[in-house]
Amino acid sequence: MSESCCCEKKSDLSLLEGVLAEYAPQKGSLITILQHAQEIYGYLPVDVIYHIAERTGQSPAQVMGVATFYAQFRLKPVGKHPIMLCKGTACHVNGANSIEKAITEKLKIQDGETTEDGLFTLKTVACLGCCSLSPVMMISGETYGSLTPAKALKILDELREKEVAAQ
Ligand code: FES
């Protein structure tokens with residue numbers, strides 16, 4: 001019988017083998033290993049954390065401690081289309097809050113959460129560096145400016161329709 005929880009998807013640990021072979025014997029390389037693991041899996045699944053702990057001779061709690069300490073690490077999968085919604089000063093003044101409200105109501109997620117279908121993750125950020133277009137959001141690297149709540153929702157609808165059409 002498997003030791004891992006039945007609701008936790010099993011990761012292909014062999015994908016990490018090259019990284020572990022190179023870095024596990026080196027002291028102080030835990031962050032590097034975690035960075036590579038996140039590149040491979042898109043986030044840090046629990047079974048990967050346990051595997052890294054075992055291979056580096058540390059306790060799972062120690063590895064989890066590092067993974068949760070640094071903001072660069074994600075412990076949950078990110079949606080296919082990460083939404084970075086700017087809430088910097090210019091965007092805030094120009095209505096970022098009403099856009100966030102429209103998005104959270106439509107997608108039924110809060111900041112930092114992912115939709116059930118795995119399509120969208122919402123993340124509010126401080127400034128995307130294009131304040132003249134405020135309010136702004138960036139989705140999968142594309143910038144959408146001069147947003148209104150209706151415009152933001154239309155963009156999400158279009159992305160979702162594209163995904164459905166591609167299935
Ligand atoms: S404040 Fe939103 S892009 Fe700068």
Side-chain angles (χ1 to χ4, degrees), residues 7-9 11-12 15-16 18-19 23 28-49 52 61-167:
C7 52
E8 183 79 32
K9 208 176 103 214
S11 308
D12 181 356
L15 298 175
L16 197 59
V19 172
Y23 295 104
S29 60
L30 181 57
I31 289 176
T32 306
I33 294 172
L34 291 173
Q35 285 169 336
H36 282 287
Q38 185 161 282
E39 265 170 40
I40 292 169
Y41 301 103
Y43 71 111
L44 297 173
V46 171
D47 58 350
V48 169
I49 297 243
I52 291 172
Q62 281 172 314
V63 178
M64 188 61 96
V66 173
T68 52
F69 181 78
Y70 292 98
Q72 63 176 299
F73 295 123
R74 294 184 293 270
L75 297 173
K76 288 188 178 160
V78 173
K80 185 168 181 190
H81 298 291
I83 304 166
M84 287 201 285
L85 176 66
C86 182
K87 291 187 80 181
T89 306
C91 289
H92 178 75
V93 168
N94 286 306
N97 279 350
S98 62
I99 291 158
E100 182 181 14
K101 185 168 180 281
I103 292 175
T104 55
E105 283 177 6
K106 181 176 180 67
L107 298 182
K108 298 184 176 55
I109 53 172
Q110 298 299 315
D111 188 13
E113 293 179 350
T114 299
T115 53
E116 266 181 32
D117 60 7
L119 268 190
F120 298 105
T121 298
L122 176 63
K123 184 91 187 86
T124 58
V125 295
C127 178
L128 288 169
C130 41
C131 310
S132 61
L133 299 175
S134 65
V136 177
M137 69 178 174
M138 198 180 268
I139 304 180
S140 303
E142 185 150 347
T143 305
Y144 300 91
S146 307
L147 291 174
T148 61
K151 194 172 164 185
L153 296 187
K154 190 162 174 265
I155 290 162
L156 299 183
D157 278 340
E158 285 170 0
L159 281 169
R160 189 164 258 159
E161 277 164 23
K162 267 190 207 162
E163 290 296 334
V164 171
Q167 280 173 4

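Just follow the structure's listing: the first ligand is 1, and inside any ligand the first atom is 1. Starting from 1, each residue takes its place in the sequence as its number.
Angle SG(Cys127) to atom 4 (Fe) of ligand 1 to SG(Cys131), rounded to 10°: 100°. Here Cys91 contributes SG and Cys86 contributes SG, and at atom 2 (Fe) of ligand 1 these two atoms make an angle of 100°, given to 10°.
In terms of protein heavy-atom proximity, atom 3 (S) of ligand 1 is closest to Leu128 N, 3.4 Å.
Every atom of ligand 1 is numbered from 1 in the order shown, and the set under 4.0 Å from a heavy atom of Gly129 is 3 (S). Residue Ala90 approaches ligand 1 through these ligand atoms, each under 4.0 Å from one of its heavy atoms: 1 (S).
By the 6.0 Å contact criterion, CD on Gln72 is enclosed, its count of non-hydrogen atoms from other residues, nucleotides or ligands being greater than 12.
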### Message
Let's go through Glu158 and Lys154 carefully: what are the C-alpha distance in whole Å and the side-chain angles of both, what is the deciding distance for salt bridge (Lys or Arg N to Asp or Glu O under 4.0 Å) to 0.1 Å, and is it a yes or a no?
### Response
CA-CA 6 Å; Glu158 285 170 0; Lys154 190 162 174 265; 3.4 Å; yes

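Taken from CD1 in Ile155 to CD in Glu142, the straight-line distance is 9.0 Å, to the nearest 0.5 Å.
Under the 30°/60° scheme for interplanar angles, the aromatic rings of His36 and Tyr23 are found to lie parallel.
The closest approach between any non-hydrogen atom of Cys130 and ligand 1 is below 4.0 Å.
At a threshold of 4.5 Å between non-hydrogen side-chain atoms, the residues Leu156 and Leu119 do not count as touching.
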